[in-house]
Amino acid sequence: MGERKEIRVSGVVQGVGFRPYIYRLATEERLAGTIRNTAAGVTIEVEGPSESIARFLDRLPAEAPALSRITGIAVDSLPPNEETGFQILASRAGEAMHTLISPDVAICDDCLREMLDPADRRYLYPFINCTNCGPRFTIVHDIPYDRPSTSMAVFPMCPACRAEYEDPLNRRFHAQPNACWDCGPKLELWDREGKTVATDDPVARAAELIHAGEIVAVKGLGGFHLAADATNSTAVIRLRERKCRVEKPFAVMVPNIETAERFCEIDDTGREILTSRQRPIVLLRAKRPTPIAHCVAPSNAYLGVFLPYTPLHHLLFERGKFAALVMTSGNVSEEPIAIDNGEAVGRLGGLADHFLVHNREILLRCDDSVVRPAEGGARQLRRSRGYVPVPVFLDEELPAVLAAGGELKNTICLAHGNQAFLSQHVGDLENLESYGFFLEAVEHFERILEITPEIIAYDLHPDYFSTKWALEQTGARLVGVQHHHAHVAACMAENHLHEKVIGFALDGTGYGADGRIWGGEVLLADFSGFERVAHLNYVPLPGGAAAIREPWRMAVAYLAQHFGREFLNRGLPFLAGTNATSVKLVLQMVERGLNSPLTSSCGRLFDAVAALAGIRSQVNYEAQAAIELEMAALESNDTVAYPLGLVPEGAGWAIDTRPLFEALLADLDVWLPASAISRRFHNGLVETFSRLARLIRDRSGLREVCLSGGTFQNLLLLEGLCDALRAEGFKVYTHAEVPAGDGGLSLGQAMVAAHRFSD
Ligand code: ZN
Ligand code: ZN
Ligand code: FE
């Protein structure tokens, strides 16, 4: 006795091999029926014995293709119609297709095996792909996601590729980037002027040049990399000089997981993330000694490592037998990554000696993602390639909202319904090129997602480029969202919280509701609003941005505020390395309040402690002092905690740093090592923030805590505070899907802005 069911599946189920999968499944279960793509996902009809249908329904989610993500399955009964055979139907014309575009995906094992098989027709073909792998997001300029809407449109398929593309049982059925030696994109090696270098094997030649110490720009999925031999210090130093990147660590690509294990401590979580199809850069504890050149990641206990993810990467390692390659974004420091061949020669001509290019256009730049394993999962530091544009799935419906993000590490967020789409890492908007990329990202997301925002959210900082842009927009309601409120809201959103929480928002800089620079904030917040219940005491930021580049200024600011000029006579080690006239000047600025805006920033407190501990007086990349302070603490197991005061202020508290600096100065008098000072400082923050949480719980009854802001990229603080709060009976929520730093800000802005009109 047969029955017939209609099964509607929603989620990421198009462009990921879902229809051939269902075709195979139905055929195996001897079911008749159909499948077609719809606006919401796919609709399947199956007819046959009820036991077969039951098995089909069991297997459907369990064996779904790797790239799919099912968010809902709805089943209804239909009258049987005696159908025989299973068919894949065309989409209905004119139907709006709100389908999710897949991120770019690392080459799959099947394609890798074929590429290395001399008998395969794609032997050594650098653009091999299938429905389970290959470029997606970076080659599509419009929807629907079909070949004409991609940069593959200019490559008509040869008969062999076409046959695969049209065969529902083939792994390349409707694989839009499908190509081969006969019909697809090709590689070339160029010199620094962009002239073609004659060679039979551009990859082998490029590998030789890298071995000889050259820097070769390699066109990847989301942009160019600059590649250099990571074991060759001369090459790496040359790369640093050319890129104007003094000390910021470089990531290295290694040929396989075994090599990664030679260089780094890797646990199961780390291994899983490294080999995941997203293939992010993973920060891992570096092993010593190491053949990796010291200048790859100076003063850093961690190494950013990733595995090859395009066929070309695999070929490069196959040909070059490298142990590790520095693979850094093809750009001058902090500019967006170069994607176009001509643009690359123009912008990278002074950086690279040769170019390994191809003629498949990258339509949207997308940097490598960077994650850190913690608490059994990946923590996003930079969420880009491999993850974007998978939405954050919300458990509520939002109107169409666009959030413009912050200034540094900018991302935008376009949300509608229960999906919030964060863009790839756009970068620091203070440079013009990044601002151009920001505009591209807004336009691109609105087009491929077909969302026209009714509401636009922005940061309150009047000088942010994203804010200025938002304020110029017409036709949408504009909503300003306080920076730290947005951080807490982002954490609430990804954890599906709705009720009021205790939010710790710790970071470097965010425009406060009082016009001051906030950054050490404790809020009672929900999506509708927030109350600031505690904050680090205000100190002057002598010279504004200069104080961020020169942590010693923060040490002077804190010491002058707490002790007056008395500290000058204590023979503090950090003063020995600092120009005495500069110190006097900064003191005058602090005392007279000249060019010294007040800040409650937690990042600047880290800077002051790092300077005092003798770790770093000047930085040459963002958060360098704080990162090195964290590294120093890893060398110590000290259990002392520096004390901090809680001074009643209004309905809450100001966190008084004076006792901390008193204790720190006493430790300097007895030459306590920097590692122990750093550990005591971290312990002090953990203890004080958990004490604050208890006081707030006593007063408010709240026991849900959200941790957000760039400071929580510090694992010692994150894990320490999580443990302490859980031990006290709190429920602690942190970031996993989006960065804790300003890369996740746009999600929170979108949530707060959407609620401004609905509550
Ligand atoms: Zn594949
Ligand atoms: Zn072909
Ligand atoms: Fe922030």
Side-chain angles (χ1 to χ4, degrees), residues 16-17 20 65-67 102 104-116 120-122 125 127-136 147 152 155-166 170-173 175-186 277 309-311 314 360 405-411 428 459-461 464 466 481-491 503-512 517-521 523 548 599-604 622-623 626 707-713 735 738-749:
V16 293
L67 301 187
S102 158
D104 302 312
V105 184
I107 182 173
C108 70
D109 293 342
D110 291 331
C111 285
L112 188 57
R113 190 166 21 75
E114 288 173 1
M115 185 180 74
L116 299 176
D120 194 273
R121 73 184 189 94
R122 291 189 180 83
Y125 183 56
F127 304 95
I128 188 170
N129 67 82
C130 71
T131 34
N132 300 321
C133 73
R136 299 284 188 280
R147 194 149 169 132
M152 289 302 292
F155 301 101
M157 275 181 275
C158 68
C161 287
R162 161 89 33 209
E164 294 166 338
Y165 183 90
E166 288 173 352
N170 194 286
R171 208 172 87 241
R172 296 192 166 90
F173 177 68
Q176 304 305 345
N178 191 27
C180 72
W181 284 112
D182 292 335
C183 64
K186 299 213 162 29
R277 61 180 176 272
Y309 55 85
T310 67
H314 282 283
R360 185 180 71 201
E407 175 86 339
L408 301 180
K409 301 182 162 58
N410 176 277
T411 63
D428 298 351
D459 192 271
L460 295 180
H461 200 306
Y464 281 6
S466 52
V481 180
Q482 200 279 324
H483 190 99
H484 302 93
H485 186 203
H487 273 310
V488 175
C491 186
F504 285 86
L506 307 180
D507 65 2
T509 302
Y511 195 82
I517 302 167
W518 291 8
E521 311 305 316
L523 312 178
I548 299 175
T599 185
S600 55
S601 163
C602 190
R604 298 296 83 74
E622 202 207 347
L707 306 181
S708 189
T711 303
F712 284 111
Q713 294 180 346
H735 286 281
V738 306
D742 285 4
L745 204 62
S746 57
L747 173 62
Q749 291 176 339

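Remember, it's 1-based here, ligands and their atoms both numbered in the order they're listed. Along the sequence shown, residues carry numbers from 1.
- For residue His483, an N/O/S atom approaches the Fe ion (ligand 3) to within less than 2.8 Å.
- Between the side chains of Glu521 and Ser600, at least one donor N or O lies within less than 3.5 Å of an accepting N or O.
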Passes salt bridge (Lys or Arg N to Asp or Glu O under 4.0 Å), Arg121 versus Glu164? Steps please. CA-CA 13 Å; Arg121 73 184 189 94; Glu164 294 166 338; 3.1 Å; yes
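- Centred on the Zn ion (ligand 2), the SG atom of Cys180 and the SG atom of Cys161 lie at an angle of 100°, reported to 10°.
- Rounded to the nearest 0.5 angstrom, His483 NE2 and Tyr511 OH are separated by 13.5 Å.
- For the pair SG of Cys133 and SG of Cys130, the angle at the Zn ion (ligand 1) is about 120°; rounding is to 10 degrees.
- Cys111 contributes SG and Cys108 contributes SG; the angle these two atoms make at the Zn ion (ligand 1) is 110°, rounded to 10°.
- Distance check: His484 NE2 to Leu460 CG gives 11.0 Å after rounding to the nearest 0.5 Å.
- The CZ atom of Arg604 sits 5.0 Å away from atom OG1 of Thr509, with the distance rounded to the nearest 0.5 Å.
- Between OD1 of Asp742 and OD2 of Asp507, the angle at the Fe ion (ligand 3) works out to 170°, rounded to 10 degrees.
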